[in-house]
2 protein chains.
Amino acid sequence: MTDLPIAGLSVRAVTLKDIAAHCGVSLGTVSLALRDDPRISTDTRARVLAAAAELGYDPTLHQAARRLALSKHGRDVLNHVIALIAPSGFHRPGYFAELLHGIMDVLVPAGFCALITYIYSHEDAQETTIPSALRAGIVDGLISMVRPEPVIALLDTLRRQPGFARRPTASLIWEMPGSSCVRADDEGAGYALTRRLLALGHRHFLQLTFLLPYSKTMEPQNYRIAGARRALAEAGLDPDRHLLLADMSNFNWLNPAHIDSDQPELAQVWVGDRVLPLVDVLRAHPAITAIFGLNDASALRAWRLLEGAGYRVPADYSIVGFDDTTPRLDAAGANQLSSARVPLQEIGRAAATLIIEQATAAVPRAPAELVLPVAMAFRGSVGPARG
Amino acid sequence: MTDLPIAGLSVRAVTLKDIAAHCGVSLGTVSLALRDDPRISTDTRARVLAAAAELGYDPTLHQAARRLALSKHGRDVLNHVIALIAPSGFHRPGYFAELLHGIMDVLVPAGFCALITYIYSHEDAQETTIPSALRAGIVDGLISMVRPEPVIALLDTLRRQPGFARRPTASLIWEMPGSSCVRADDEGAGYALTRRLLALGHRHFLQLTFLLPYSKTMEPQNYRIAGARRALAEAGLDPDRHLLLADMSNFNWLNPAHIDSDQPELAQVWVGDRVLPLVDVLRAHPAITAIFGLNDASALRAWRLLEGAGYRVPADYSIVGFDDTTPRLDAAGANQLSSARVPLQEIGRAAATLIIEQATAAVPRAPAELVLPVAMAFRGSVGPARG
DNA sequence: GTGAAAGCGCTAACAA
DNA sequence: TTGTTAGCGCTTTCAC
């Protein structure tokens, strides 16, 4: 071995064989020593470690060989890479950036990287269109940041691929069967918001919703409604009579221009199977004094429609948004919209911590569920019930 | 082989050996046939491919073995993964999200994923703290979205690692020696902005700057100044006498609260080695009628300080920002701040396209440089020179 | 406690 | 045109 590498300038990467030759021991001994196998004497282990350091042995360079050898025994190798399923198109850059921020804050100091990919649709779950990196044994775990339906299909395929198999997976915001979940306490938030408004004398509420095709699953929207209903029931009020659902599906809350639009169609909501202007719904239910938005945009939209009809907030109606992402500023620049703040960064951090734990655990862990508290911000849009 | 796998439900992954047995040919023949080697007859190749499809052979599952075998000949294997060096802390979420958006739009349809990691400081270039995924031969290329200094140090180490070596690298926004570069035409933008103001009768300009420790390199700021100087020289004006530089380094343009702050220190700028209020600088140079910000925040800050001193924009001073990220709205909700828009998404797209090309090229390509045009938005903050 | 040897699945040189 | 064989660097079983 005349071309023994000089540390840092290796033409050829240092191998176990080099260390073995350097120490005058066998290759197998080096392998065991580097992995702290108790069969190796303290003395030889020390010599091997010293030689490895001196020659500049880097185990990560030989992941391929290690993986190949271990595959014989069905074992795996950590790559320090976590897959992230991101929403294609970044519909809500802030939302996604906050989650990613939290995730990276945990992954990077732990020596992990995030492997970001998209899912475009259900079809992408086909074996052929799955990003090859997910099947190649590159990732040690997976975090989904999108609606679960397409990811469920994807995992269904990945689970039976030897390169992914039983690696830990987690879903953010939404629950996903078979995966860990880190989400906000939407039920608790709905409950707390309602309690507060009940304390202010409100008794009849309008809940704005977006009826999605998948809305049968327990998703955030439904948890919030469930929380509101619990608060009502606790107060001795029949939820079915005191919480009216109005669907805003024709209003695109991702389009800022929709909030202040004067288009008549965008003023319409569905109540049951009838469609009529939001203001008419309120006139038909004069006992309603408070409105829950599904997010800030829907709350602001309702506020705007009320203003257009000559109503005042909070004198005539109290209004609450959700997520605390879109403010409504008064003359002094202060936000007036009450809202509930989903702790996006914390959700990201918790999920990354969880996945790293599960990926590095000696024995496989069962999926876990983390529910993080939601902070309330009551501002000028909320006041005592009128009358 | 009684446990031959059933497609899609494999206990054990299908190997070349399985295919060879199935076809009654040798293992080497299968290997060559699957890689379309001309030595194999059309007939056997067809049989091998059919068997591979029937048994559900997935080459990506055996990357480790392939990589190990190829390592003998110094060859590499594509993983369809591009590393992205992101700014830690997401100081400017919008900026980063736009770049990422463009990058992903190209990578994902091409079957690639992005491996995101941070660099915290120069120290991170130490071999031990480099994310192991970058050394393990996982990535096929690298795109840097941060200031180049720490990345240069990182690449200096990575280049001599067998797992990275000569893989293609690209830097966005900033030039980086030895790497491809995709950036905006800042020089052209500085030139075009100045030409426009010259046409409006302006002859003396104030350029706001941020004097960074690395500002000797040709970075965006310096390109913009160079463009402005070219326009002046072209108009027969001495750039040294017609473009005054005022440094705003004590103003933190990432802090929105700084823009409207009344703190006296935040009103100060450096001109040469003197520090004094921005407004005093303008009073001392009454010929100046137009101000170039280095970004929108610095332009808005100047605007605010002028307002505080009783000046009007654009009647007394014309003001131009850069990046077009932070608007200043008038009563009707229209943005008043003139700015130049760096095509962030396009930069991301171009860089991803470039890296994929270079990573998949049969022969190594030399680093390339792409300079994308910058669009101008002249709005209410710009008008004819006074007097 | 340590050495020798088999093999993980693949590629490529060499034979036939 | 195809078969045979020697590794790639590692882990692990089995002698000693």
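So you know, we letter chains A, B, ... as the sequences are listed, proteins then strands, and number each from 1. Keep in mind that what you see is a predicted model, and the values were worked out from it rather than measured.
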Under 3.5 Å between N/O atoms: give me all the protein pairs with nucleotides 4-6 of chain D, atom names plus distance.
none

Atom-to-atom span, [atom1] of [X] to [atom2] of [N] - whole angstrom:
X: A:Ile19; N: D:dG9; atom1: CD1; atom2: C1'; answer: 12 Å
X: A:Asp37; N: D:dT13; atom1: CG; atom2: P; answer: 10 Å
X: B:Leu34; N: C:dA12; atom1: CG; atom2: C1'; answer: 15 Å
X: B:Leu70; N: C:dA12; atom1: CG; atom2: C1'; answer: 9 Å
X: B:Asp18; N: C:dC8; atom1: CG; atom2: P; answer: 11 Å
X: B:His62; N: D:dC8; atom1: NE2; atom2: C1'; answer: 17 Å
X: B:Leu16; N: D:dT2; atom1: CG; atom2: C1'; answer: 15 Å
X: A:Leu32; N: D:dT12; atom1: CG; atom2: P; answer: 8 Å

Practice prompt. Using atom types as modelled and distance alone, determine if a side-chain donor or acceptor of A:Arg159 lies under 3.5 Å from a backbone N or O of A:Arg167.
Written response: yes
Discussion item. Determine whether a donor-acceptor pair (N or O, by modelled atom type, separation under 3.5 Å) exists between the side chain of B:His80 and the backbone of B:Ala110.
Written reply: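 The answer is no, because no donor-acceptor pair under 3.5 Å joins these two groups.
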Discussion item. Let me test you: for the helix from C:dG1-D:dC16 to C:dA16-D:dT1, what is the angle between the axes at its two ends (five pairs each), rounded to 10 degrees?
Written reply: 50°
Under 3.5 Å between N/O atoms: give me all the protein pairs with nucleotides 14-16 of chain C, atom names plus distance.
none

Worksheet item: At under 4.0 Å, does any side-chain N or O of B:Tyr57 touch on OP1 or OP2 of C:dC10?
Response: yes
Worksheet item: Hey, is the side chain of A:Arg66 poking within less than 4.0 Å of OP1 or OP2 on D:dT11, counting only N and O atoms?
Response: yes
Quick check for you: among [options], whose closest atom lies nearest to any side-chain atom of [X]?
X: A:Val25; options: C:dG3, D:dT12, C:dT11; answer: C:dG3
X: B:His73; options: D:dC8, D:dT11, C:dA12; answer: C:dA12
X: B:Leu68; options: C:dC10, D:dG9, D:dT11; answer: D:dG9
X: A:Thr15; options: C:dA12, C:dC8, D:dG9; answer: D:dG9
X: A:Arg35; options: D:dC10, C:dG9, D:dT12; answer: D:dT12

Kindly compute the distance separating [atom1] ([X]) from [atom2] ([Y]), expressed to the nearest 0.5 Å.
X: A:Phe112; Y: A:Asn79; atom1: CZ; atom2: CG; result: 9.5 Å
X: B:Ile143; Y: B:Ile82; atom1: CD1; atom2: CD1; result: 6.5 Å
X: B:Ile116; Y: B:Ile85; atom1: CD1; atom2: CD1; result: 10.0 Å

Worksheet item: With sequence neighbours left out, what residues match A:Ala69 under side-chain contact (heavy atoms from CB on, under 4.5 Å)?
Response: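 Counting only residues at least two positions away or on another chain, A:Ala69 forms no side-chain contact (heavy atoms from CB on, under 4.5 Å).
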Would you check if [X] and [Y] make a side-chain contact, meaning some heavy-atom pair closer than 4.5 Å?
X: B:Asp76; Y: B:Arg67; result: yes
X: A:Ile173; Y: A:Met145; result: no
X: A:Leu34; Y: A:Pro59; result: no

Practice prompt. Would you please say whether a donor-acceptor pair under 3.5 Å links the side chains of A:Asp18 and A:His22?
Written response: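 Looking only at side-chain atoms, A:His22 and A:Asp18 do not form any donor-acceptor pair under 3.5 Å.
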Fill in: Any side-chain donor near an acceptor of the partner, A:Thr29 and A:Arg47, under 3.5 Å
no
Fill in: DNA chain C-proximal residues of residues 40-52 of chain B, any heavy atom under 4.0 Å
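DNA chain C contact set from residues 40-52 of chain B: none.
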Fill in: Test: B:Asp37 and B:Arg39 ion pair at under 4.0 Å
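Answer for the salt bridge query: yes.
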Worksheet item: Shortest non-hydrogen contact from B:Pro162 to A:Leu61?
Response: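 It is CD-CD1, 3.9 Å.
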Item to complete: Can you spot which of B:Asp43, B:Leu49, B:Val48 makes a side chain to side chain contact (heavy atoms under 4.5 Å, CB included) with B:Arg45?
Response: B:Leu49
Worksheet item: Just checking B:Arg75: base, sugar-phosphate only, or nothing, at a heavy-atom cut-off of under 4.0 Å?
Response: sugar-phosphate
Worksheet entry | Test side-chain hydrogen bond (donor to acceptor under 3.5 Å, both in side chains) applied to B:Thr117 - qualifying residues, sequence neighbours left out | none
